[in-house]
There are 2 protein chains.
Amino acid sequence: MKLSTKSEYACLALIDLAEHYAKGLIKSEDIARRKKLPKKFLDQILFTLKNSGYVKSKRGSAGGYRLAKTPSQITIAEILRLMDGALAPVYSVSTYFYEKTPIEQNKKMLKILKEIRDYVAEKLEKTTLADIVS
Amino acid sequence: MKLSTKSEYACLALIDLAEHYAKGLIKSEDIARRKKLPKKFLDQILFTLKNSGYVKSKRGSAGGYRLAKTPSQITIAEILRLMDGALAPVYSVSTYFYEKTPIEQNKKMLKILKEIRDYVAEKLEKTTLADIVS
DNA sequence: CAAATATTCGATTATTTTTATAGTCTGGCA
DNA sequence: TGCCAGACTATAAAAATAATCGAATATTTG
């Protein structure tokens, strides 16, 4: 579970939207400036977040983005799974992205990796945007 | 901390050497066959392991590889760090591979990631080859 | 010594993933 | 109508990952 730049950006963007949750629509340009993210790349990420129902948007000169749910309804786990796939250290211990991998040959090693995946999944599933807004 | 194929192969190779620890020199071909690894890629991995002092080798028709230490002296953590780098989910919470990353902007998120890195590091640092031989 | 065998080690290639940019289109507001 | 901001697709640059090749060298055995 190494976070890609993309998932770091996605988290920061959602955090920004959570921080300005009361203000209505936020322009991607403002998010990019505040969080120091490349604007066009951010647009692409927001597009993905929109398609998956985490944010809503409005076009036009008074347009922008806002969260589609309250900050406490969005967990970090779902965002990372959307952007990076499995939280697990190997696919063979992933609950949602299971796939065979060579290490499956060793049951004891697999058990340890599974414990790691469970710790990470549980921790990130109970952490919501509301918990990390600054 | 998503394991690369390479680090899975490295673990399996070392496990194989640990399983045959008493038998002296083991040919890479035998490891490749037993653990179903691509021979040439495995050779490259064994070469890295040798340069870092985890295995010793001997050439020639009666050559092969053996562990340079006892199975209980080799931790999974060091092997993964050698092959993949940081165990941490982001470099900005890595102890041995620290580097700035965007998520550092949010202290609460960073704290959670740090807890994950600590759990993973502690767990893998106390797991040795001796613990996982089958 | 010669043949066979196994590691050495750099080079190279292939593939995938990651990161990012470009550009056109479309809807909304003044 | 004309600008503004998101919508969406395409594509490309860069980096990481995965794997292969092949000649060189060392060692054992016949």
Side-chain angles (χ1 to χ4, degrees), chain A residues 1-13 17 24-33 35-66 68 80 82-86 89-91 97 99 101-103, chain B residues 1-13 17 24-33 35-52 54-66 68 80 82-86 90-91 97 99 101-103:
Chain A
M1 206 259 327
K2 173 81 176 49
L3 272 62
S4 65
T5 305
K6 195 163 163 176
S7 62
E8 287 196 46
Y9 288 175
C11 289
L12 286 170
L17 289 178
L25 294 168
I26 308 293
K27 296 190 204 315
S28 72
E29 197 188 327
D30 293 337
I31 303 174
R33 184 175 26 76
K35 294 295 188 280
K36 303 185 188 71
L37 314 177
K39 162 88 166 60
K40 276 290 192 180
F41 196 17
L42 172 62
D43 284 345
Q44 199 173 286
I45 291 166
L46 287 168
F47 180 63
T48 300
L49 290 172
K50 192 200 139 187
N51 286 339
S52 300
Y54 293 105
V55 304
K56 293 199 170 183
S57 66
K58 196 174 181 188
R59 298 207 224 188
S61 55
Y65 293 91
R66 64 179 180 82
L80 297 185
L82 175 65
M83 294 295 157
D84 285 350
V90 291
Y91 287 120
F97 299 85
E99 210 173 289
T101 82
I103 205 69
Chain B
M1 207 258 329
K2 173 77 177 51
L3 272 61
S4 65
T5 307
K6 195 164 166 177
S7 62
E8 286 197 47
Y9 289 174
C11 288
L12 286 170
L17 288 177
L25 294 168
I26 307 293
K27 297 190 204 316
S28 73
E29 196 188 328
D30 294 336
I31 302 174
R33 184 174 26 74
K35 294 295 190 279
K36 303 186 187 71
L37 314 178
K39 162 90 166 57
K40 276 290 194 181
F41 196 17
L42 172 62
D43 284 345
Q44 194 175 291
I45 291 165
L46 286 168
F47 181 63
T48 300
L49 290 171
K50 193 201 138 186
N51 286 339
S52 301
Y54 294 105
V55 305
K56 293 199 171 183
S57 65
K58 196 175 182 187
R59 299 206 224 189
S61 56
Y65 293 91
R66 65 178 180 81
L80 297 185
L82 175 65
M83 294 295 157
D84 285 349
V90 291
Y91 287 121
F97 299 85
E99 210 172 287
T101 82
I103 206 69

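Here is how names work: the chains are called A, B, and so on, in the same order as the sequence lines, proteins then strands, and each is numbered from 1. Everything numeric here is computed off the predicted structure, so don't read it as measured data.
The phosphate of D/dT17 has neither OP1 nor OP2 within less than 4.0 Å of any side-chain N or O from B/Ser4. For C/dT19, one of the phosphate oxygens OP1 or OP2 lies less than 4.0 angstrom from a side-chain nitrogen or oxygen of A/Thr5. Contact annotation: B/Tyr9 does not reach the phosphate of D/dT17 (side-chain N/O to OP1 or OP2, under 4.0 Å).
Residues from residues 45-52 of chain A placing a heavy atom under 4.0 Å of any atom in DNA chain D, listed by number, are A/Phe47, A/Lys50. For the segment residues 55-62 of chain A, residues with any heavy atom less than 4.0 angstrom from an atom of DNA chain C are, sorted by number, A/Lys58, A/Arg59, A/Gly60, A/Ser61.
The distance from atom CG of B/Leu37 to atom P of D/dA19 is 10 Å, rounded to the nearest whole Å. Rounding to whole angstrom units, CD1 of residue A/Ile31 and C1' of D/dA5 are separated by 12 Å. To the nearest angstrom, P of C/dG27 lies 15 Å from OH of A/Tyr65. What separates CG of B/Asp43 from P of C/dT12 is a distance of 20 Å, to the nearest Å. Atom pair A/Ile26:CD1 and D/dA5:C1' shows a separation of 14 Å (rounding to whole Å applied). When the C1' atom of D/dT20 is taken as reference, atom NZ of B/Lys6 falls 14 Å away, rounded to whole Å. One can place CE of B/Met83 at 13 Å from C1' of D/dA18, the figure rounded to the nearest angstrom. When the C1' atom of C/dT16 is taken as reference, atom CD of A/Glu99 falls 13 Å away, rounded to whole Å.
For the pair A/Leu12 and A/Leu37, the minimum side-chain heavy-atom distance is below 4.5 Å. Proximity of B/Cys11 to B/Leu80: side-chain heavy atoms (C-beta onward) are separated by under 4.5 Å at one or more points.
Shown here are the salt bridge (Lys or Arg N to Asp or Glu O under 4.0 Å) partners of A/Lys2, two or more places apart in sequence or in another chain: there are none. Applying the salt bridge (Lys or Arg N to Asp or Glu O under 4.0 Å) test to B/Asp84 and every residue at least two apart in sequence or in another chain returns nothing.
Nucleic acid contact class of A/Lys27 (heavy atoms, under 4.0 Å, all strands): sugar-phosphate only. Residue contacts shown for B/Gln44 include a base, since a base heavy atom lies under 4.0 Å away.
Shortest non-hydrogen contact noted between B/Met83 and B/Ser7 is CB-CB, 3.7 Å.
In this structure, the separation between CD1 on A/Ile31 and CG on A/Leu17 is 4.0 Å, given to the nearest 0.5 Å. Of the inter-residue distances, the one linking B/Leu3 atom CG with B/Tyr9 atom OH reads 12.5 Å to the nearest 0.5 angstrom.
Mapped onto DNA chain D by nearest heavy atom, B/Lys40 and B/Asp84 fall at different nucleotides, with B/Asp84 at the one closer to the 5' end. Toward the 5′ end of DNA chain C lies the nearest nucleotide of B/Gly64, the other residue of the pair B/Gly64 and A/Phe41 mapping further downstream.
Under a 3.5 Å cut-off, the side chain of A/Glu99 and the backbone N or O of A/Tyr91 do not form any donor-acceptor pair.
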Report all side-chain donor-acceptor pairs from residues 40-49 of chain A shorter than 3.5 Å, counting only partners two or more places apart or in another chain.
| unit_1 | atom_1 | unit_2 | atom_2 | d |
| --- | --- | --- | --- | --- |
| A/Asp43 | OD1 | A/Ser28 | OG | 2.9 |
| A/Asp43 | OD2 | A/Lys39 | NZ | 2.8 |
| A/Thr48 | OG1 | A/Gln44 | O | 3.2 |

Only distances under 3.5 Å count here; give the side-chain donor-acceptor pairs of residues 53-64 of chain A to other protein atoms, sequence neighbours excluded, each with its distance to 0.1 Å.
| unit_1 | atom_1 | unit_2 | atom_2 | d |
| --- | --- | --- | --- | --- |
| A/Tyr54 | OH | A/Glu78 | OE1 | 3.0 |

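Distance from the side chain of B/Glu29 is smallest for C/dA6 among the nucleotides C/dT7, D/dT20, C/dA6.
Judged by distance alone with a 3.5 Å cut-off, no donor-acceptor contact links the side chain of A/Lys39 to the base of D/dG6.
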